[in-house]
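First comes the structure, then the notes that go with it.
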Amino acid sequence: MVDKYDPQEIERKWQQRWAEDGLYKVTEDSAKPKWYALTMFPYTSGDLHIGHWYAMAPSDVHARFKRMQGYNVLHPMGFDAFGLPAENAAISRGIHPFNWTMQNIENMRRQLKSIGAIYDWSREVFTCLPEYYKWTQWFFLKLYESGLAYRGKAPVNWCPHCQTVLANEQVVEGFCERCGAAVGRRDLEQWFFRITKYADELMEHNGIDWPERIKTMQRNWVGKSVGTEISFALDHPGVDGREIRVFTTRPDTVFGVTFMVLAPEHPLVAELTSPDKRAEVEEYVARSQRQTEIERLSTEREKDGVFIGAYVVNRLNGERVPIWVADYVLLGYGTGVVMGVPAHDERDFAFAKRYNLPIRVVVAPPGWRGEELEEAYTEPGTMVNSGQFDGLPSRQGIEAISDFLEEKGWGKRAVTYRLRDWLISRQRYWGAPIPMIYCPDCGIVPVPEEDLPVLLPEDAEFKPTGESPLKYHEQFVNTTCPRCGVPAKRETDTMDTFMCSSWYFLRYASPDCDNAPFDAERVRYWLPVDLYTGGAEHAVMHLFYARFFIKALRDMGLVDFDEPFSRLFNQGVIIVERQKMSKSRGNVITPDEYVSELGADAVRAYLMFVAPWEQGGEWDDSGISGISRWFNRVWNLVAGGYEQKITGLVLKRLKGEQIDIEQAERQLSRLTHQTIRKVTDDLERLRFNTMLAALMEFTNYLARVKEEGAVDVSGWKEAIDTLLLLLAPTAPHLAEELWQQTGHSYSIHNQSWPKWAEELAKDEEITLVVQVNGKLRDRIVVPASMTEAEARQAALESQRVKAYLEGKEVINIVYVPGRLVNLVVR
RNA sequence: GGGGAAGUGUCGGAACUGGCAGACGAGCAUGACUUAGGAUCAUGUGCCGAAAGGCGUGGGGGUUCAAAUCCCCCCUUCCCCA
């Protein structure tokens with residue numbers, strides 16, 4: 001008897017061999033079509049859990065499949081290595097972010113290697129190394145030169161106790177995570193990327209195969225609305241402006257305006273508030289600054305606000321309209337002012353009800369007789385109470401009023417976006433320093449390219465408050481102006497880590513390039529990414545920023561494609577005990593123990609088997625043994641050998657049954673080819689679970705054949721070779737071992753993917769289903785070549801069916817070729 | 001509140017373009033072998049029924065010769081957005 005299947009042994013052996021031979025080393029090869037398969041690189045959190053495997057194992061299987069199909073496959077791996085947790089570790093445990101990160105990478109790389117993937121480790125990329133962030137900084141300079149980077153004011157979360165800026169995730173229900181103080185807002189000068197310049201193009205996903213869901217989310221993120229900007233007359237002592245401009249998509253409702261709402265941050269609030277309202281308004285504004293945007297916009301919460309004691313005039317009807325301040329209006333959207341039309345907007349309706357403001361119907365619902373509305377009517381209707389526009393359908397009213405406003409110079413058609421420019425400044429240490437210098441004479445001066453990288457100082461001092469050490473690092477901050485040479489100060493903000501991940505996929509093409517971020521030639525060979533896979537949580541931010549980045553680079557002439565990722569696929573989430581895995585819940589499953597016990601091959605296969613990849617599923621210990629058993633069966637099937645030498649057409653007696661050898665061989669060959677077809681098709685479509693089911697069925701069939709000893713050794717060999725080749729992407733170690741044991745030469749992973757012959761895969765016999773009035777009554781095995789007339793005949797002659805036809809008249813016969821006959825009787 | 005996805009045995013799931021519901025696996029049950037193992041093999045396993053047969057894909061209605069699949073209404077869960 002041969003040895004037992006010992007995954008630990010063979011996985012160690014082959015991983016070592018593959019590494020020694022550089023089996024998965026990738027070079028550009030113009031003789032082969034290229035395939036760039038990319039899995040989102042992990043953040044250096046410290047441990048690889050089963051969720052990471054769920055992202056990486058199936059994508060590796062697909063990449064291996066493409067490789068066997070003859071593609072030159074690039075399937076790289078690296079680490080997203082900048083970010084806040086490293087800094088928190090520095091503060092709480094006194095370990096430097098660099099060391100913390102590198103230790104985590106060591107551990108994660110070891111775990112990643114146990115997957116047995118085809119990663120070419122010589123192309124590994126870490127975003128936190130100077131060789132990498134030098135180019136992140138270089139891109140910043142290019143964006144600055146192109147006018148896509150600029151400085152502007154933006155609010156940050158500010159903890160008054162720690163005297164520091166907090167990231168959104170450090171603010172827990174309005175309070176500082178560290179000290180518990182109430183978090184306020186504070187305006188800071190910060191750096192932005194002008195992503196809004198590409199708003200329209202980013203809404204389009206031309207020529208790329210992405211899930212509809214993600215495309216919709218990105219379009220909503222851009223949030224384009226087409227409407228009209230309307231001017232309301234302002235006459236206020238001490239205020240220079242003579243108007244307040246409001247953006248609306250519903251100019252047809254302008255006669256229904258009964259109040260005006262300013263965002264609490266709006267500069268006019270302070271100027272317009274009357275003395276008797278000042279205290280109340282100031283308190284309200286202060287309170288609203290402690291709320292997050294999500295809270296402010298929640299429809300659950302009651303809308304509240306304060307009248308500021310000032311008015312504007314609605315030019316269309318000359319009415320005086322009171323101005324309120326309310327936090328359901330955001331400064332960043334539109335003009336930061338909303339015209340309150342309670343009759344035709346739900347939020348305005350709720351607001352008006354609460355403060356007893358008039359609700360005037362100007363778009364009549366069908367059949368409206370002047371009664372009061374129970375709720376806001378937001379649908380189109382007929383215009384009323386709108387002066388000269390009365391009687392118009394409101395859709396036409398939108399155009400008519402817009403025309404009228406433009407004619408009078410009281411407004412103009414406009415487009416606004418929900419999308420705001422990308423704020424990339426972070427008041428943090430552990431990120432790529434923004435390469436800018438502030439000179440007292442020259443102003444803002446970019447660091448010259450040849451001075452890059454601007455290195456993060458190693459001897460940083462981490463304060464318990466979380467304040468950035470860069471601000472107090474004299475050697476870092478103090479420099480000279482590259483233009484005029486006088487003493488100057490460096491920018492101390494670092495870049496958002498999404499900046500690092502916006503171009504890492506370019507770096508993999510030529511990670512060793514040291515005179516440019518990438519080698520243009522090699523990028524032209526590999527990019528764009530053919531298949532990008534990762535979690536749907538990156539549907540907007542990362543994927544959106546990366547697309548912006550590529551479009552900006554394209555316009556600079558640095559790349560020659562429009563979209564970075566040709567096909568996108570989002571895998572689902574692995575849950576444990578019906579909950580998402582998380583450190584705080586303490587339900588994180590680490591693959592290591594399963595790998596050492598059952599083998600990486602089994603873990604890979606099990607993750608793919610539980611559910612369709614896009615769906616995700618529950619990690620359940622008991623299920624994985626099914627995969628282990630299957631691998632054991634494969635092992636016993638193959639490693640046990642097969643010796644039958646059968647020639648010619650003979651009948652073999654086994655268990656008293658006669659087996660027609662020729663037929664058995666034909667059937668085996670048919671199933672072999674059908675399995676190739678099924679597995680290939682499933683892999684193309686990333687349907688790993690059904691692929692495995694097909695392979696299991698094939699295995700079970702082979703076990704029966706072996707027991708019966710019903711085929712010749714040559715037929716058997718073809719079937720076994722095929723099984724191993726089809727199994728190679730999923731269980732690379734097991735397949736390699738058995739490939740060697742069956743006398744083939746190393747390596748199975750350099751073999752071609754098997755091809756099926758349609759002729760051999762064709763069924764000889766089919767099961768014809770016979771229905772009477774749509775109910776299943778009989779199944780008859782018939783030759784696949786049967787004609788319609790023969791099938792009808794066979795159906796009518798079936799003994800079981802005849803009983804149901806007794807005394808009935810057949811009025812119709814439906815025939816579905818190769819499937820069924822339905823007899824319709826009365 | 002808006003948008004999206006989903007709901008199928010005890011469990012994970014399968015079912016091409018409307019055509020045999022429950023593939024494959026887990027679990028469970030019975031048996032075999034035994035160098036006792038979380039091993040391997042065999043058989044069974046949607047529900048009701050002794051059987052014939054009937055019922056059955058969240059609930060209700062519809063279209064169709066035929067619906068898990070298409071349409072309408074409702075319920076539930078999850079995700080995203082506001």
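So that the names make sense, note that chain A is the first sequence line, chain B the second, and so on, each numbered from 1. As the structure is a computational prediction, the values presented were derived from the model and not from experiment.
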Between C1' on B/A82 and CD on A/E346, what's the gap in Å once rounded to a whole number? 12 Å

Reckon A/R685 touches a base, only the sugar-phosphate, or nothing at all at heavy-atom distances under 4.0 Å? nothing

Would you say A/R213 places a side-chain N or O within less than 4.0 Å of OP1 or OP2 belonging to B/A6? no

Send over the distance from A/D682 CG to B/A15 C1', rounded to a whole Å. 13 Å

So, is A/R633 close to the B/G25 phosphate, meaning a side-chain N or O under 4.0 Å from OP1 or OP2? yes

Could you go through A/N570 and A/R213, starting from their C-alpha distance and side-chain angles, then the distance that decides it, and tell me whether this counts as side chain to side chain contact (heavy atoms under 4.5 Å, CB included)? CA-CA 10 Å; A/N570 295 115; A/R213 217 177 38 146; 4.1 Å; yes

Using the test side chain to side chain donor-acceptor pair (under 3.5 Å), find all partners of A/S785 that sit at least two apart in sequence or belong to another chain. none

A/N636 and A/Y5: side-chain donor and acceptor closer than 3.5 Å? no

Nearest-angstrom distance from the residue atom CG of A/L776 to P of B/G54: 10 Å

What nucleic acid atoms does A/R819 come within less than 4.0 Å of, heavy atoms only: base, sugar-phosphate, or nothing? base

Can you name the atoms? Protein N/O to nucleotides 65-69 of chain B N/O, anything below 3.5 Å, with the distance.
from  : atom 1 : to     : atom 2 : distance (Å)
B/C65 : O2'    : A/N822 : ND2    : 3.3
B/C65 : O2     : A/N822 : ND2    : 2.5

Of the nucleotides B/G19, B/G38, B/G13, which one has an atom closest to the side chain of A/E597? B/G38

Distance, C1' atom - from B/U76 to B/G25, rounded to whole angstrom: 27 Å

A/V610 versus A/E618: any side-chain heavy-atom pair under 4.5 Å? no

Roughly how many Å is it from CG in A/L607 to C1' in B/G25, rounded to a whole number? 14 Å

If we take the P atom in both B/C47 and B/A66, what is their distance in whole Å? 28 Å

Centre-to-centre under 6.0 Å for A/F351 and A/Y355, is that the case here? yes

Tell me whether the side-chain N/O atoms of A/Q615 come closer than 4.0 Å to OP1 or OP2 in B/A5. no

Please give the distance between the C1' atoms of B/G9 and B/C73 as a whole number of Å. 28 Å

N/O (side chain, A/R629) to phosphate O (OP1/OP2, B/G27) under 4.0 Å: yes

Only stems of 3 or more consecutive Watson-Crick or G-U pairs count here, both distances under 3.5 Å; name the ones for RNA chain B, or none. B:1-7 with B:75-81, B:10-12 with B:24-26, B:27-32 with B:40-45, B:46-48 with B:53-55, B:58-62 with B:70-74

Keeping A/D327 on the side-chain end and A/P264 on the backbone end, is there a donor-acceptor pair under 3.5 Å? no

Are any of the side-chain heavy atoms of A/V61 and A/L683 separated by less than 4.5 Å? yes

Rounding to a whole Å, what distance do you find between A/K4:NZ and B/A39:P? 10 Å

Rounded to whole Å, please give me the gap between CZ in A/R687 and C1' in B/A14. 9 Å

Side chain proximity check, A/D682 to A/F688, heavy atoms < 4.5 angstrom: no

Less than 4.0 angstrom between a side-chain N/O of A/N700 and OP1 or OP2 of B/G25, yes or no? yes

Side chain to side chain contact (heavy atoms under 4.5 Å, CB included) between A/W619 and A/I624, intermediate numbers included: CA-CA 9 Å; A/W619 175 265; A/I624 195 170; 4.0 Å; yes

Whole-Å distance, A/M217 CE to B/C79 P, equals 13 Å

Is B/G9 in the syn or the anti form, by the rule that syn lies within 90° of 0? syn

Compute whether any side-chain donor of one residue and acceptor of the other, for A/N220 and A/R418, lie under 3.5 angstrom apart. no

Starting at OH of A/Y5 and ending at C1' of B/A39, how long is that distance when rounded to a whole Å? 15 Å

Assess the residue pair A/V222 and A/F544 against the criterion (side chain to side chain contact (heavy atoms under 4.5 Å, CB included)); give the C-alpha distance rounded to whole Å, side-chain angles, the decisive distance to 0.1 Å, and a yes or no. CA-CA 10 Å; A/V222 175; A/F544 200 75; 3.5 Å; yes

Polar pair under 3.5 Å, donor/acceptor by atom type, side chain A/R219, base B/C81: no

Considering only side-chain heavy atoms of A/P612, which listed nucleotide, B/C24, B/A82, B/G13, is closest? B/G13

